[in-house]
Amino acid sequence: MASPFLPPIVLAFAATDPTGGAGVQADLLTLSSMGCHALSVVTAITVQDTAGVENLQAVDSDWVADQARLVLEDMQVAAFKIGLIGSIENVAVIAEVVSDYPDVPLIFDPVLSSGRGEELATEDMISAMRELLIPQTTLITPNSLEARRLALDDSNENDDPDLGECALRLLNLGCEYVLVTGAHENTAQVVNTLYDQQGVVRTDSWQRLPGIFHGSGCTLASAVAATIANGLGVPEAVRDAQEFTWQTLKFAYRTGMGQLIPDRLFWAREEEPGDAQDN
């Protein structure tokens with residue numbers, strides 16, 4: 001006999017990561033840790049370790065569409081989360097799939113390069129994201145480097161928008177919220193800022209932790225998807241997701257010779273939680 005309890009269901013589109021630190025593995029761990037039932041559609045297969053990505057093979061777009069369509073016909077999802085997409089064809093089919101579910105919140109983590117700097121999205125893919133995916137997005141979660149690249153006006157070689165202008169440009173493409181994360185900025189604390197069409201919704205400052213982390217962006221975006229699926233509005237979901245993600249980084253561990261792996265099950269270790277500052 002089935003339990004009457006049904007956790008919220010979240011579907012993640014993402015690439016594999018053999019290290020378990022990022023990609024679909026990070027999504028599944030995060031969503032499960034935050035009380036959701038996680039579905040996955042694999043968009044690409046990567047060859048990587050904790051130091052960086054060596055190779056990537058995009059999954060055929062028909063297979064991406066078929067993976068998604070079959071589970072969506074079987075189960076009702078409370079949120080979508082999109083990570084690394086793999087090809088321009090996959091951008092198009094994912095956009096087509098999610099367009100059939102306009103009432104389902106969509107969290108988009110635009111993975112454009114690896115932590116070591118390997119390019120994971122072409123300019124044509126970025127153009128397709130701008131045209132097909134961002135207009136359907138509830139919340140996009142670029143880091144500061146991704147925000148600048150997504151918002152850059154290619155026709156103006158002198159274009160140098162600040163992060164607020166980048167967020168506005170992304171909002172003008174049609175998404176509802178933009179969360180720009182600041183770990184790559186030269187600031188004493190990590191400052192993450194949530195924007196909507198009216199301007200800054202909230203700014204959160206976090207202690208800058210030592211080390212470089214593998215999968216922090218995947219963790220944050222999936223955590224937002226989980227909190228929204230659990231019933232929170234976007235500003236509250238963003239706050240709770242940041243708290244969760246900061247804790248995973250505080251308790252990150254080293255599995256190999258490269259970056260640290262966030263501990264998405266930190267709460268099971270019976271450690272003392274840390275604090276953050278709200279501005």
Side-chain angles (χ1 to χ4, degrees), residues 10 12-59 81-86 107 109-121 141-146 181-184 190 192 206-227 240-276:
V10 178
F13 295 85
T16 63
D17 176 6
T19 74
V24 70
Q25 285 88 340
D27 296 338
L28 299 180
L29 270 170
T30 300
L31 292 166
S32 298
S33 180
M34 299 191 76
C36 295
H37 178 74
L39 312 179
S40 58
V41 169
V42 174
T43 58
I45 299 169
T46 69
V47 177
Q48 64 178 299
D49 57 16
T50 56
V53 178
E54 296 295 326
N55 210 342
L56 179 150
Q57 176 64 55
V59 172
K81 185 268 179 179
I82 300 174
L84 191 151
I85 297 174
I107 314 306
D109 173 23
V111 181
L112 306 183
S113 62
S114 72
R116 193 170 60 182
E118 294 94 351
E119 291 296 321
L120 300 176
T141 63
N143 62 40
S144 56
L145 304 180
E146 293 163 341
T181 59
H184 292 279
V190 175
N192 302 330
W206 300 88
Q207 177 188 344
R208 187 176 289 277
L209 298 167
I212 302 175
F213 304 97
H214 186 56
S216 55
C218 306
T219 302
L220 176 60
S222 288
V224 175
T227 48
D240 285 5
Q242 290 178 83
E243 172 68 32
F244 175 88
T245 303
W246 190 85
Q247 297 291 345
T248 71
L249 304 183
K250 178 183 177 183
F251 296 110
Y253 45 80
R254 185 176 302 281
T255 58
M257 295 182 288
Q259 299 168 339
L260 301 171
I261 303 295
D263 186 0
R264 288 95 180 182
L265 297 177
F266 66 87
W267 51 265
R269 321 290 185 198
E270 297 183 354
E271 297 285 351
E272 189 70 23
D275 296 313

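Quick note: residue numbers are just sequence positions, from 1.
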**Message:** So which atom in Thr227 and which in Met34 form the shortest heavy-atom distance, rounded to 0.1 Å?
**Reply:** CG2-CE, 3.5 Å
**Prompt:** Going by heavy atoms in the side chains, are Thr248 and Phe213 under 4.5 Å from each other?
**Reply:** no
**Asked** Is there side-chain contact between Phe251 and Arg269, with heavy atoms separated by less than 4.5 Å?
**Response** no
**Item:** side chain to side chain contact (heavy atoms under 4.5 Å, CB included) between Trp246 and Lys250, intermediate numbers included
**Value:** CA-CA 6 Å; Trp246 190 85; Lys250 178 183 177 183; 3.7 Å; yes
**Message:** Does Leu265 have more than 12 heavy atoms from other residues, nucleotides or ligands lying within 6.0 Å of its CG?
**Reply:** yes
**Message:** Checking the side chain of Asp17 only, and the main-chain atoms of Gly23 only, is there a donor and an acceptor separated by less than 3.5 Å?
**Reply:** no
**Request:** Taking all heavy atoms of Leu120 and all of Val111, pick out the closest pair and write down the distance.
**Result:** CD1-CG1, 3.9 Å
**Complete:** CD1 (Ile261) and CZ (Arg254) are apart, to the nearest 0.5 Å, by 9.5 Å
**Fill in**
Rounding to 0.5 Å, atoms CG (Leu39) and NZ (Lys81) come to a distance of 14.0 Å
**Prompt:** Okay, side chain of Asn192, backbone of Gly182: is any donor-acceptor separation there less than 3.5 Å?
**Reply:** yes
**Prompt:** Does the side chain of Leu56 come within less than 4.5 Å of Thr46's, by heavy atoms?
**Reply:** yes
**Asked** Is the backbone of Leu84 close enough, under 3.5 Å, to the side chain of Thr43 for a donor and an acceptor to pair up by distance?
**Response** yes
**Message:** Between Glu54 (side chain only) and Val47 (backbone N and O only), is there a donor and an acceptor less than 3.5 Å apart?
**Reply:** no
**Contact summary for Ser216 and Leu249, nearest pair of heavy atoms** = CB-CD2, 3.9 Å
**Asked** Any idea which heavy atoms bring Glu146 and Leu112 closest together, and the distance?
**Response** OE2-N, 3.7 Å
**Asked** For Gln57, does the CD atom sit with more than 12 other heavy atoms under 6.0 Å from it, leaving out its own atoms?
**Response** no
**Asked** So which heavy atom on Thr16 is nearest to which on Val42, and how close?
**Response** CG2-CG1, 3.8 Å
**Sole candidate of Asp27, Leu31, Thr245, Leu29 that passes side-chain contact (heavy atoms from CB on, under 4.5 Å) when paired with Arg264** = Leu29
**Request:** Can you see which heavy atom on Ala22 is nearest to which on Cys218, and at what distance?
**Result:** CB-SG, 4.0 Å
**Interatomic spacing from OG1 in Thr181 to CD in Gln242 - rounded to 0.5 Å** = 9.0 Å
**Request:** For Gln25 and Leu28, run side chain to side chain contact (heavy atoms under 4.5 Å, CB included): C-alpha distance rounded to whole Å, both residues' side-chain angles, the deciding distance at 0.1 Å, then the answer.
**Result:** CA-CA 5 Å; Gln25 285 88 340; Leu28 299 180; 5.7 Å; no
**Asked** Within the distance-only criterion (no hydrogens, no angle test), does the side chain of Gln247 pair as donor or acceptor with the backbone N or O of Phe244 below 3.5 angstrom?
**Response** no
**Prompt:** Under the side chain to side chain contact (heavy atoms under 4.5 Å, CB included) criterion, do Thr255 and Thr50 qualify, and how do the steps go?
**Reply:** CA-CA 8 Å; Thr255 58; Thr50 56; 3.7 Å; yes
